[in-house]
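Here is the structure we will look at, set down as structure tokens.
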Amino acid sequence: MIKNWIREKLIKTLDKMGIEEIPDFKIEIPLNNFGDYSSNIAFLLSKKLKQNPRNIALDISKHLDDKDYFNKIEVAGPGFLNFFLNEKVYSEFLFFEYENPQYWKKASNIRVLFEFASVNPTGPITIGHGRQAVYGDVLCNIFQTRGHSVEREIYLNNAGRQIRLLGRSLWVRYNNLFKNNYDIPEGGYKGEYLIQTAEKLKDEIKDKFVDKWDSSIADFFNQYAFEAMFEGMKETFDNLSIKFNNIFKEKSLVDDGSVDKVLKELKEKNLTYESEGALWFKVSKFKDEKDKVLIRSDGYYTYYLTDIAYHINKYNRNYEKAYDIFGADHVGHLDRMYAALDAFDIPESFLIFILHQYVNLKKNGEIIKMSTRAGNFETLDDLVTAVGKDATRYFFARFDPDTQMLFDIDLAKQKTNENPVFYVQYAHARISNIFKNAAEKNILFDEIPVIKNLSSEEEKNLIKEIDRFEEILDSILIDYKINKLTNYLESLASFFHSFYSKHIIVDENDIKTTKERLALCKAVQNTLKGGLSLLGVSAPENM
RNA sequence: GUCCCCAUAGUUCAACGGAUAGAACAGCGGAUUCCUAAUCCGCAGAUGAAGGUUCGAUUCCUUCUGGGGAUACCA
């Protein structure tokens, strides 16, 4: 990276000047005429050296004399160091890019687990869930490409209370088909999708369970409903190209005794007690939180209990780290989970929670609340059908996970051209076309030329922008804000479109410059393609 | 009440504590004998309020206001 190269030059220079303990300074791409790159180092040194920043900057600029690479080093304003680079630097970077087409990919050596999209399998995936599914998938892609061996896992709650409510709700719908009126239970699922499932079931078993109900019939309905819902989920994820390495079912933890083992150990450690007929875990012993129920007074295990067993299971699978991606409603879950891990001597650093805010939907100009239970929601499938996979994925990836997003459904479904994904894709397609055009004129792009004529603002901007790619990816590893990637691609595309409209790229009268510009186009295209592929969005040759 | 996120242009979003707060859409005005006008160029338009820290604050701290979430024997 060019930035790192300047950073090293600066550090060496400071060393030469006898300055020790160099603070963590910045190299930035400044606005307008403040050079190609600039640094704030002088401000940070000013306190220590008890000099005004301007003088320090002047001093550094005198010592940093590398005429081969810097055309000019300027001290500006209160003490910024502004670097004007020689074309040679750009040329070398482009050459490197060309020699290593996917230079941003790092070998995967850190084994991590990502859990995301663990929605309750009690109905169709909603648009709200779509945000998390896309978010998780893209984040995994970025971790994977920057040196992590990522496993994607989805956890399905198929053992607890809601699956029973779901089963019973299905049974009611099934009976309704035979004109038997039963009511959907309190807290049950009222969405119409269960009617369709009931119809399918009716075809299969006819009137076998009409007016009949016992625990084994309940098990049958629970299982049938779960499988049906899960099939639907898989299809939805498939349509968005979201795949999981592991599908982890809550029930397996009950069946293989993991949950009982957790209970036994907690009891042995004297970390549980009974109260009001329920079994509680002493969360307050570890965190400033209320104690929590593990087993309800009606005998059902809580989500919390099975989730403890689940995370112990994760830990025993020897990942370097486990990441849980949850919606904002899970904030309360964090400290409880850490308390439980603590009880089993699992370090907090093993588990990282990544929370994202909700999606608010706007329909017919009104903001609506979604509820799977009430049967009042918009499905993700409808959205994908209406606008396509690329636009859906790009749209969700585009928002800062920490902010609530307002999603205007009508707008999204109709005016798909408003989605900036097309802007980025168009830049890619345009470049493909340039190469087609060059080939038609028999200008071959075989090897990268020595860059000598790329000195316009547009060309330098493009190279600098390409150079930012790795930096953007790495910063996402730290703050998990994947919207930086879409921002970046839009910016790169914008620089390209601007360059394109000002310069003729394929020019038969100037083969030399043409080849250099083709090299630049190749690098832009390569980066666009790389970024889009991390987003799971296609990079079309034609539009 | 307490805790967690958020508040930027008419709208939807940007901006590792840096110089003149960027885009997109909407609005207004331009550009195509030449590689795709799904584009480009120009105009107009914004940091919720009040303090504080700093050479410098949209960014950090405090208070307030407004929105969302949590505070379940829901998951």
Side-chain angles (χ1 to χ4, degrees), chain A residues 24 26-28 30-34 38-40 43 46-47 52-54 76-80 82 118-120 122 157 160-162 165 187 250 275-280 288-290 292-300 302-304 306-307 326-335 355-358 360 373 395 398-408 411 415 417-423 425-427 429-438 440-441 471 475 478-479 483-484 486-488 490-491 493-494 496-507 514 517 521 542-543:
Chain A
D24 191 20
K26 286 190 297 192
I27 310 273
E28 288 185 317
L31 297 168
N32 300 332
N33 298 318
F34 298 123
S38 88
S39 177
N40 66 340
F43 295 106
S46 116
K47 241 186 201 161
N52 93 47
R54 229 190 125 78
F80 289 99
N82 295 341
S118 297
V119 304
N120 282 327
T122 54
N157 299 106
R161 206 173 65 102
Q162 37 266 319
L165 286 167
E250 181 189 21
S275 173
E276 299 166 57
L279 187 75
W280 298 70
D288 188 19
E289 283 282 326
K290 290 180 190 159
K292 287 287 297 177
V293 168
L294 298 169
I295 304 178
R296 297 157 46 112
S297 55
D298 59 13
Y300 285 126
T302 61
Y303 160 77
Y304 180 47
T306 50
D307 212 34
F326 287 134
D329 56 339
H330 274 67
V331 257
H333 199 54
L334 274 56
D335 275 342
L355 297 188
H356 64 87
Q357 296 295 310
Y358 277 166
N360 292 321
R373 277 178 207 223
F395 180 82
R398 209 169 164 259
F399 292 81
D400 181 337
D402 275 338
T403 63
Q404 313 157 28
M405 54 185 272
L406 184 67
F407 193 152
D408 189 328
L411 198 67
K415 302 185 179 177
N417 272 345
E418 284 188 5
N419 194 315
V421 70
F422 300 107
Y423 184 81
Q425 288 181 319
Y426 185 53
R430 261 186 162 173
I431 296 173
S432 296
N433 210 58
I434 290 167
F435 279 97
K436 229 176 281 168
N437 185 270
E440 276 166 20
K441 291 178 178 166
E471 181 190 342
S475 77
I478 293 165
D479 62 18
N483 57 311
K484 285 179 179 173
T486 56
N487 265 336
Y488 167 74
E490 282 165 44
S491 162
S494 165
F496 175 75
H497 285 310
S498 185
F499 160 69
Y500 178 92
S501 64
K502 270 186 202 155
H503 302 276
I504 304 282
I505 295 158
V506 178
D507 180 359
T514 296
R517 289 192 172 144
C521 286
N542 291 298
M543 282 178 78

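Please read all numbers here as calculations on a predicted model, not as lab measurements. A, B, ... follow the sequence lines: proteins, then strands. Residue 1 opens every chain.
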Same-atom distance (C1') from B:A21 to B:C40, integer angstrom:
24 Å
Where RNA chain B forms stems, i.e. three or more consecutive Watson-Crick or G-U pairs with both distances under 3.5 Å:
B:1-7 with B:65-71, B:10-13 with B:22-25, B:27-31 with B:39-43, B:48-52 with B:60-64
Using the ring of each side chain (for Trp, its six-membered ring), is A:His330 parallel, tilted or perpendicular to A:Phe326, with breaks at 30° and 60°?
parallel
Considering only the P atoms, how many Å lie between B:A23 and B:G42, rounded to the nearest integer?
9 Å
Taking the C1' atom in each of B:U33 and B:A38, what is the distance between them to the nearest angstrom?
23 Å
Which nucleotide in the set B:C35, B:G69, B:A38 lies at the smallest distance from any side-chain heavy atom of A:Ala328?
B:G69
Evaluate the salt bridge (charged side-chain N to carboxylate O under 4.0 Å, His left out) criterion for residues A:Asp479 and A:Lys484: first the C-alpha distance (whole Å), next the side-chain angles of each, then the deciding distance (0.1 Å), finally the verdict.
CA-CA 10 Å; A:Asp479 62 18; A:Lys484 285 179 179 173; 2.5 Å; yes
Rounded interatomic separation in angstrom, taking CZ from A:Phe496 and P from B:C35:
13 Å
Nearest to the side chain of A:Gln404, heavy atoms from C-beta on, is which of B:G68, B:C73, B:A38?
B:G68
Under 4.0 Å between any heavy atoms, over every strand shown, what does A:Glu28 touch: base, sugar-phosphate, or nothing? Just pick one.
base
Rounded to whole angstroms, how far apart are NE2 on A:His503 and C1' on B:C34?
15 Å
Would you say the rings of A:His356 and A:Phe399 are close, in the sense that their centroids are separated by under 6.0 Å?
no
Below 4.0 Å: OP1/OP2 of B:C40 and any side-chain N or O of A:Tyr423:
yes
Look at the side chain of A:Val331 and decide which nucleotide, out of B:A19, B:G69, B:C6, has an atom nearest to it.
B:G69
Suppose we call a contact any N or O donor and acceptor under 3.5 Å apart; does that hold for the side chain of A:Ser297 and the base of B:C73?
yes
Do A:Trp280 and A:Ile295 touch side chain to side chain, with heavy atoms closer than 4.5 Å?
no
Measuring centre to centre across the rings, with the benzene-like ring taken for any Trp, is A:His497 within less than 6.0 Å of A:Tyr423?
yes
Nearest listed nucleotide, side chain of A:Phe43, among B:G18, B:A70, B:C35
B:G18
Rounded to the nearest Å, what distance is computed from the NZ atom of residue A:Lys292 to the P atom of nucleotide B:U71?
7 Å
Considering only heavy side-chain atoms of A:His497, the closest of B:C40, B:A14, B:C13 is B:C40
Using a heavy-atom cut-off of under 4.0 Å over every strand shown, decide if A:Asn542 touches base, sugar-phosphate, or nothing.
base
Select base, sugar-phosphate, or nothing to describe what A:Asp400 touches, counting heavy atoms under 4.0 Å on all strands.
sugar-phosphate
Between P on B:C5 and CG on A:Leu334, what's the gap in Å once rounded to a whole number?
11 Å
Does A:Thr403 have a side-chain nitrogen or oxygen under 4.0 Å from the phosphate oxygens OP1 or OP2 of B:C13?
no
Side-chain (A:Thr302) to main-chain (A:Val293) donor-acceptor, under 3.5 angstrom
yes
Atom pair distance, as rounded to whole Å: CG in A:Asn40 and C1' in B:A19
12 Å
Taking only the P atom of each, what is the distance from B:A19 to B:G51 in whole angstrom?
23 Å
Separation of the C1' atoms in B:G17 and B:A26, to the nearest angstrom:
34 Å
I'd like to know if the side chain of A:Arg517 and the backbone of A:Ile504 have a donor-acceptor N/O pair within less than 3.5 Å.
yes
Can you tell me which nucleotide in B:A14, B:A72, B:C35 comes closest to the side chain of A:Ile505?
B:C35
Check every strand shown and say whether A:His330 touches a base, only sugar-phosphate, or nothing at a heavy-atom separation below 4.0 Å.
base
Side-chain contact test, heavy atoms from C-beta onward, threshold under 4.5 Å: evaluate it for A:Phe395 versus A:Val421 and give yes or no.
no
Going by centres under 5.5 angstrom and planes under 30 degrees, do the aromatic ring of A:Phe80 and the base ring of B:A19 stack?
yes
Are any of A:Arg54's side-chain N or O atoms less than 4.0 Å away from OP1 or OP2 of B:C55?
no
Does A:Val506 or A:Leu355 map to a spot on RNA chain B nearer the 5' end, using the closest nucleotide for each?
A:Leu355
B:C28 to B:G66 separation - C1' atoms, rounded to the nearest Å
33 Å
Can you tell me the distance, in whole Å, between the CG atom of A:Asp402 and the P atom of B:G68?
18 Å
A:Ala427 near the nucleic acid: base, sugar-phosphate alone, or nothing, with a heavy-atom cut-off under 4.0 Å?
nothing
Establish whether the base of B:A19 is bridged to the side chain of A:Ser38 by a donor-acceptor pair shorter than 3.5 Å.
yes
Is it the case that the side chains of A:Glu250 and A:Thr306 hold a donor-acceptor pair, with the cut-off being a distance below 3.5 Å and no angle test?
yes
Using the C1' atom in both, what is the distance from B:U65 to B:A24, to the nearest Å?
30 Å
Compare the minimum distances between each of B:U71, B:A19, B:C35 and the side chain of A:Lys290, then state the nucleotide with the smallest one.
B:U71
Minimum-distance nucleotide (side-chain atoms of A:Glu276 versus B:G18, B:C73, B:A19):
B:C73
Pick the nucleotide of RNA chain B nearest each of A:Ser39 and A:Ala278; which residue has the one closer to the 5' end?
A:Ser39
Does B:C13 have its OP1 or OP2 closer than 4.0 Å to a side-chain nitrogen or oxygen of A:Asn483?
no
Is any side-chain N or O of A:Asn487 under 3.5 Å from a base N or O of B:A24, one able to act as donor and the other as acceptor?
no
From the candidates B:C5, B:C13, B:A38, the one with an atom nearest any side-chain atom of A:Met405 is B:C13
When you compare B:C25 with B:G18, how far apart are their P atoms, in angstrom units rounded to a whole number?
28 Å
Against the side chain of A:Phe399, the closest entry in B:U12, B:G67, B:C73 is B:U12
Check the distance between B:A72's P and A:Tyr304's OH and give it to me in whole angstrom.
14 Å
Any side-chain to backbone donor/acceptor pair from A:Asn120 onto A:Thr122? Under 3.5 Å, distance only.
no
Provide, to the nearest angstrom, the distance between the CG atom belonging to A:Asp335 and the P atom belonging to B:G69.
21 Å
Expected output: side-chain A:Ser297 to main-chain A:Ala278 donor-acceptor under 3.5 Å:
no
